[in-house]
Amino acid sequence: MLNKSVAKTTAFFLSGTILIPILLYISDGNTVGTMIVIGIWGFLYSPSFLNASTYMISSVPDRSGVWK
């Protein structure tokens with residue numbers, strides 16, 4: 001996903017900040033439902049650091065001629 005669009009990938013994985021509280025509210029104390037939501041949360045949160053790093057690296061202007 002990062003090869004196609006860094007911004008879209010970052011937006012997809014950060015969508016968990018909106019999605020997870022809604023799903024936790026819907027699970028309403030159901031143990032199995034809460035465990036599934038926490039699993040989804042882990043899936044959406046884990047790659048966020050990699051996405052942020054890739055986004056910062058890709059936004060740096062090309063300065064390859066500076067060090068010559």
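Remember, it's a predicted structure, so these values are computed and weren't measured experimentally.
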- Item | Contacts of T34 that satisfy side chain to side chain donor-acceptor pair (under 3.5 Å) - sequence neighbours left out |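 So T34 forms a side chain to side chain donor-acceptor pair (under 3.5 Å) with S27.
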
- Query: When hydrophobic residues are tied together by side-chain contacts of less than 4.5 Å, even through go-betweens, does V37 share a cluster with M35?
  - Reply: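 No; M35 is not reachable from V37 via cluster members.
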
- What about I40 and V32, same hydrophobic cluster or not, with Ile/Leu/Val/Met/Phe/Trp/Tyr joined at side-chain heavy-atom distances under 4.5 Å?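 Yes; tracing contacts between hydrophobic side chains, which count when under 4.5 Å, links both residues.
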
- Query: Of all residues at least two apart in sequence or in a different chain, which pass the ring-ring contact (aromatic ring centres under 6.0 Å, His included) check with F12?
  - Reply: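 ring-ring contact (aromatic ring centres under 6.0 Å, His included) list for F12, sorted by chain: empty.
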
- Query: Rounded to the nearest 0.5 Å, how far does CG of L24 lie from CD1 of I38?
  - Reply: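 The distance works out to 7.0 Å.
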
- Task: State the CD1-CG distance between I36 and N30, to the nearest 0.5 angstrom.
- Result: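 Here the interatomic distance stands at 8.0 Å.
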
